[in-house]
Amino acid sequence: MFDILQYSFIQNAFVASTFVAVIAAFVGYFLLIRGLTFAGHALSHIGFAGAAGAVFLGIDPVFGLLVFTVLAGIGIGMLGRILRERDVTIGIFLTLALAFGVLFLFLYQGYAEQAYSILFGTILGISTQDVFITAIFSILSFIVLLFLFRPLLFSSFDPEVADARGVPTRFLAVLFLILVAITVSISVQVVGVLLIFTLLVGPAATAMRIVKNPFLAIPLSMILGIAYSWIGIFIAAQTNLPVSFFIATLSFGTYFIVRLAESLSQQSQNKNYA
């Protein structure tokens, strides 16, 4: 059963998914408490337009994806100050990027297999070089998040007070969205653009239902993300079915069970009080 671990592409998949799961869980926690889930969703689709543009220019689609998501993250962070305004800004960037994506795919004469693979993820086909690049971006993003942890946490829970006390909330908002863009760019190799929420939102949402303390919720979300990825890769290797399907199913199933247990617990407490 464990003979598959001797293959280098399986080893690469496990290593890359670990780095991605850790940074995605870390970023995902702040994505949820800052109310930016729509931004994470939009950046993944904007990234696809960048990938299509890179294919049209004949370069690696991951670089195009990274450029588009980072630029969009900066624009959203600078232009979207309040929730309503931010959602409008995200929507405008998203529609513009999708229009460019359609244009790039139309102009490209060949079969854009690399761009389309971004939609669904290609973790079992990831190279050693891709693992190295993923590790570097993940580690750098992790270090930046650790450095910004306290002011980012403060500005996430109480932005008005943080702003009054001199915390650079606008700068933090832009920098955080750049980190989200980087995380999206490296995560698409695992689950693809269409299922990016699996690792960005699923583990963090489940962990926050189990524990409220951020110092416990973040490590728990990382553990969940790694577990989903490893189990998904292992089952996919045995069944020859898509990895992203199993990761998404595990993420949804775990969240559903936790929500159901939470609901049953609340009903039991209400009966006891009655």
Side-chain angles (χ1 to χ4, degrees), residues 1-2 4-5 10 13-44 119-121 123-124 138 142 145 153 156-157 180 183-184 186-274:
M1 183 181 296
F2 294 97
I4 59 172
L5 297 176
I10 294 292
F14 275 111
V15 174
S17 65
T18 300
F19 280 108
V20 170
V22 168
I23 191 61
F26 204 168
V27 169
Y29 177 82
F30 286 102
L31 201 68
L32 289 174
I33 64 174
R34 295 176 74 89
L36 286 170
T37 52
F38 181 42
H41 176 73
L43 285 175
S44 63
L119 287 173
F120 306 103
I123 186 62
L124 292 181
S138 298
F142 192 88
L145 277 172
L153 194 66
S156 298
F157 282 110
V180 174
T183 304
V184 166
I186 62 177
S187 297
V188 294
Q189 298 178 87
V190 178
V191 292
V193 166
L194 297 180
L195 294 176
I196 193 66
F197 265 23
T198 300
L199 292 178
L200 268 179
V201 176
T206 302
M208 291 170 66
R209 289 283 177 178
I210 299 173
V211 291
K212 303 300 180 184
N213 189 325
F215 295 99
L216 297 176
I218 293 175
L220 178 58
S221 64
M222 292 178 182
I223 293 172
L224 290 173
I226 293 173
Y228 299 157
S229 300
W230 284 11
I231 296 172
I233 291 171
F234 186 79
I235 298 175
Q238 298 291 337
T239 60
N240 201 29
L241 293 173
V243 176
S244 55
F245 165 75
F246 293 110
I247 296 176
T249 302
L250 288 166
S251 180
F252 170 78
T254 306
Y255 180 76
F256 178 77
I257 291 171
V258 170
R259 283 295 302 268
L260 181 61
E262 186 181 46
S263 178
L264 292 174
S265 176
Q266 290 177 350
Q267 290 179 8
S268 177
Q269 290 179 0
N270 292 337
K271 288 181 180 179
N272 291 334
Y273 287 134

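All values reported here derive from a predicted model rather than from experimental measurement. For reference, positions follow the sequence shown, starting with 1.
- Each of V243, L199, L224 was scored for a side chain to side chain contact (heavy atoms under 4.5 Å, CB included) with S229, with one residue passing: L199.
- Heavy-atom contacts from other residues, nucleotides or ligands closer than 6.0 Å to CG of N240 number 12 or fewer.
- Listed by first then second residue, pairs satisfying salt bridge (charged side-chain N to carboxylate O under 4.0 Å, His left out) with a partner in residues 253-268 read R209-E262, R259-E262, not counting sequence neighbours.
- From I233, atom CD1 reaches atom CZ of F246 across 12.0 Å, with rounding to the nearest 0.5 Å.
- Among all heavy-atom pairs drawn from A25 and A204, the shortest one is O-CB, 4.3 Å.
- For T37, the side chain to side chain contact (heavy atoms under 4.5 Å, CB included) criterion is met by L32, F197, V201, not counting sequence neighbours.
- The salt bridge (charged side-chain N to carboxylate O under 4.0 Å, His left out) contacts involving residues 225-238 comprise nothing, where partners must be two or more places apart or lie in separate chains.
- Residues forming a side chain to side chain contact (heavy atoms under 4.5 Å, CB included) with V22 (at least two apart in sequence, or on another chain): F142, M222, I226.
- Atom CZ of residue F252 and atom OG1 of residue T206 lie 10.5 Å apart, to the nearest 0.5 angstrom.
- The distance from atom CD1 of I218 to atom CG of L153, rounded to the nearest 0.5 Å, is 7.0 Å.
- In this structure, CG on L260 lies 8.0 Å from CD1 on I257, to the nearest 0.5 angstrom.
- Between the OG1 atom in T183 and the CG atom in L145 there is a gap of 7.0 Å [rounded to 0.5 Å].
- S138 is linked by a side chain to side chain contact (heavy atoms under 4.5 Å, CB included) to F19, I23, T134, I186, counting only residues two or more places apart in sequence or in another chain.
- Closest heavy-atom contact between A217 and A207: O-CB, 3.3 Å.
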Can you check side-chain contact (heavy atoms from CB on, under 4.5 Å) on V184 and V27, steps first, answer last? CA-CA 10 Å; V184 166; V27 169; over 6 Å; no

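- Under the rule for a side chain to side chain contact (heavy atoms under 4.5 Å, CB included), the partners of L250 that lie at least two apart in sequence or sit in another chain are Y228, I231.
- Looking at every heavy atom in both residues, P203 comes nearest to S221 through CB-O, 3.3 Å.
- By the ring-ring contact (aromatic ring centres under 6.0 Å, His included) test, Y29 pairs with no residue at all, sequence neighbours left out.
- Although no hydrogens or angles enter the test, the distance criterion places a donor-acceptor pair under 3.5 Å between the side chain of S17 and the main chain of F14.
- In this structure, the side chains of F30 and L36 stay at 4.5 Å or more apart for every pair of heavy atoms.
- Across all their heavy atoms, V180 and L43 have their closest contact at CG1-CD1, 3.6 Å.
- Heavy atoms from other residues, nucleotides or ligands lying under 6.0 Å from CZ of F157 number more than 12.
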